[in-house]
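Here, residue 1 is the first one in the sequence, and each next residue gets the next number.
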Amino acid sequence: MTSSFPASPFPESTVLGYPRIGPDRELKRALEAYWEGRSDRAALEEVARRLREDTWRRLAELGLGGSPSNTFSYYDHVLDTAVLLGAVPERYRHVDDLAAYFAMARGAEGLPPLRMTKWFDTNYHYIVPEIGPETVFSLDAAKPLSEVREARALGLETRPVLVGPVTFLLLSQAAAGSPDGFAPLDRLDDVVEVYGRLLGLLAAEGVGWVQLDEPALVADRTPAELAAVEAAYGRLGGLAERPALLVAAYFGDLGEALPVLARTPVEAVALDLVRGTPGDVGLLAGKTIVAGVVSGRDVWRTDRDRALATLHAVRERAGQVVVATSCSLLHVPYDVERETGLDPALRGRLAFAEQKVAEVVELAHLLVEEPSADVPRLPAPQARPSTSGARVTETRAPYAVRAAAQAERLKLPLLPVTTIGSFPQTGELRRARAALAAGEIGEAAYEDMVRAEIEHVIAVQERLGLDVLVHGEPERNDMVQYFAEHLDGFAVTRHGWVQSYGSRCTRPPILHGDVRRPEPMTVRWARYAQSLTSRPVKGMLTGPVTIVAWSFVRDDLPLRDVVLQVAGAVREEVRDLEEAGIGVIQVDEPALRELLPLRRAGQAAYLEWAVAAYRWATSGAGDHTQIHTHLCYSDADQILAAIDALDADVTSVESARSRGRVLAVMAGGVAGGDGRGFGRGLGPGVYDIHSPRVPGADEVERLLEEALRVVPADRLWVNPDCGLKTRSHEQVEAALANVAEAAARLRERHTPR
């Protein structure tokens with residue numbers, strides 16, 4: 001052991017992380033009050049302190065052997081790591097620490113935020129650090145040290161959790177102006193030096209263990225990247241003054257990274273034994289195996305016998321085993337016992353964070369009480385989603401035929417302006433929806449409010465000069481939950497909130513049975529909105545992949561089969577919208593990239609059936625009906641060929657926040673050889689809706705000019721990055737006015753005379 005004091009033994013049970021938003025979204029409310037100036041920093045910090053204390057106390061009450069710390073965040077743990085390392089871009093350094101933190105996360109006046117994208121294959125969004133050759137790293141250890149001290153004041157020892165140095169750099173992007181060929185991982189030696197200083201401070205603080213999360217190791221890694229892993233952990237493990245090190249890899253198999261970690265001096269390795277397999281776990285003999293047998297990604301109760309068999313088998317091959325969750329419980333709600341409205345039979349099959357902690361504790365006790373007499377066989381891997389292709393009937397004509405029919409019907413101008421779908425939801429609407437659910441108001445009163453909001457939104461869009469309108473979705477609580485409430489096979493929760501990013505939370509539905517559509521879901525409100533205007537109104541649907549990706553999904557069918565069931569329901573809705581006279585129908589698939597397998601071996605098969613499901617959902621529309629799709633905040637540039645294969649007439653993608661990243665890839669020819677091979681309509685976003693900033697007309701015009709270098713004017717659409725639900729009406733109207741003005745200027749210059 002390379003510490004100046006004996007490290008405490010690893011506890012028999014632990015979790016890799018825990019929800020942090022609060023059982024009743026206390027952090028969300030505190031953040032939004034702080035951002036809006038309704039509370040001060042002291043009030044925000046007090047809410048955060050109480051949430052941390054409540055978490056540590058509750059984990060101890062549940063009997064958990066070891067609790068993590070430094071898992072709380074005001075916005076995002078990757079952003080926290082950038083701050084810890086001093087990797088704050090220069091443009092944010094003129095404001096104070098918390099203001100700079102939130103400016104990086106969500107922007108401020110004159111300060112666009114950092115890019116945001118998905119945390120591996122989850123619906124959690126992280127803030128992408130910017131690292132360049134000149135980035136100066138400096139340790140700011142205040143947060144992990146203060147949390148250790150907070151917990152210790154309660155009489156509790158904790159294990160600080162950090163994003164590991166390799167994953168941090170692999171998830172970062174090269175800062176603007178970096179030379180060709182530079183990659184953030186080139187700065188590994190400098191970053192490891194800072195981690196080493198932090199480990200020394202934690203050792204001096206009396207911390208026994210530190211957890212370094214390296215989920216990037218379950219994806220395909222190059223020999224150079226694996227060498228970097230070995231070098232980093234060889235160096236950290238060789239420090240004279242440090243706590244014991246747990247390296248946690250989750251969301252899949254370690255694969256070729258397992259023997260690399262085995263050769264390093266780290267004391268423990270956490271394995272995801274739900275989504276992955278142990279591999280040659282015997283290589284880890286002599287190290288502690290933190291065995292993730294309780295899923296941190298779904299809400300189903302653990303198969304106790306199967307989990308115990310896995311634990312016994314791993315222990316026999318590798319030695320000391322600790323029972324744990326497969327990953328952080330950040331991705332599940334707090335407590336299923338609060339869901340008194342669920343069918344009791346279904347609720348009995350469910351486990352949220354509290355129940356999963358109890359499962360971990362129970363399994364740890366059983367593992368001690370039932371030592372295995374013989375070396376057991378490792379259980380066969382659980383059935384994984386099918387990777388076979390999906391055959392569907394595709395009936396739409398070639399794009400050129402469709403485009404002519406749609407141009408004749410819609411008569412849109414050059415550079416048509418539209419939005420992605422949702423408009424801001426007023427507090428009145430949210431309160432009315434809650435009152436309706438509680439039986440405090442009747443359906444008629446609620447629908448009167450929805451009708452009035454649609455009228456308002458249509459009038460605003462006409463006044464601002466938009467070309468293709470939306471009804472604003474005032475009747476929808478969430479783009480997935482709304483459909484789950486109208487489809488058989490789903491259940492929805494009242495308190496099952498999960499953090500998506502910052503203060504944004506969702507309640508993922510529970511898809512537990514066969515999916516059917518009893519009746520039309522969106523037609524009535526789309527038809528009403530269209531009756532208010534002569535301009536086309538989009539019918540707004542969520543695509544089958546996204547509905548499934550953003551739900552907790554049954555595990556007794558291949559994922560492909562579940563997606564195709566949902567696709568059938570969406571297909572029926574598309575046909576009904578078309579029959580109701582809706583000429584533009586948007587079927588969003590922002591999760592298409594999200595579900596992409598982390599290893600290349602499964603990616604082609606997944607994209608084949610995912611694209612086929614989308615085409616099945618939309619191919620029943622006639623040639624004169626324009627099909628749109630939308631993708632955002634998910635590195636869509638990595639799957640442009642698959643997006644193109646969706647065969648939507650118009651595709652809108654996030655671009656403003658990522659500063660034209662998708663356009664840069666297209667300009668390089670990835671999408672189709674000459675940079676213009678994306679052969680249908682394209683709307684790269686020009687307004688970052690996750691920031692309170694209102695872009696000026698000149699800024700939007702510059703973004704559109706950049707897009708016109710890649711997309712011909714007759715195929716370029718003008719739209720925000722994403723839906724407008726999270727913004728205020730004042731912000732939205734000001735921003736859309738500027739967007740419409742910029743489009744009008746360019747339209748004047750580019751319209752043939």
Problem - Lys/Arg-Asp/Glu bridge criterion (N-O < 4.0 Å) met for R197, E193 - result: yes

Practice task
Could you tell me whether R242 and E267 make a salt bridge, using a distance below 4.0 angstrom between a side-chain N and a carboxylate O?
Solution key: yes

Completion exercise
Test side-chain contact (heavy atoms from CB on, under 4.5 Å), reference D688, set P720, P113, P695, C722, output is P113

Exercise for the section: Report yes or no: does D272 contribute a side-chain atom to a donor-acceptor pair with the main-chain N or O of F251 at less than 3.5 Å? Expected result: yes

Exercise for the section: Would you tell me whether D76 and Y124 have side-chain atoms, one donor and one acceptor, within less than 3.5 Å of each other? Expected result: yes

Problem - Heavy-atom check, side chain of L84 versus side chain of L139, under 4.5 Å - result: yes

Fill in the blank from the handout: In short, S73 meets L27 closest at the heavy-atom pair O-CD2, 3.5 Å

Handout entry: R600, CZ: over 12 other non-hydrogen atoms inside 6.0 angstrom
Key = no

Completion exercise
To the nearest 0.5 Å, atom CG of D140 lies from atom CG of L145 at 9.5 Å

Problem - Y606 side chain reached by L559 side chain, heavy atoms, under 4.5 Å - result: no

Handout entry: Qualifying salt bridge (Lys or Arg N to Asp or Glu O under 4.0 Å) pairs, either residue in residues 128-137, two or more places apart
Key = R91-E130, E130-R659

Practice task
Salt-bridge test for K143 and E147: reply yes if a basic N is under 4.0 Å from a carboxylate O, no otherwise.
Solution key: yes

Problem - Basic-acidic side-chain contact under 4.0 Å: K356, D298 - result: yes

Practice task
Considering only NZ, NE, NH1 and NH2 on the basic side and carboxylate oxygens on the acidic side, decide whether R221 and E256 come within less than 4.0 Å.
Solution key: no

Practice task
For the pair R93 and E90, find out whether any cationic side-chain nitrogen is under 4.0 Å from an anionic carboxylate oxygen.
Solution key: yes

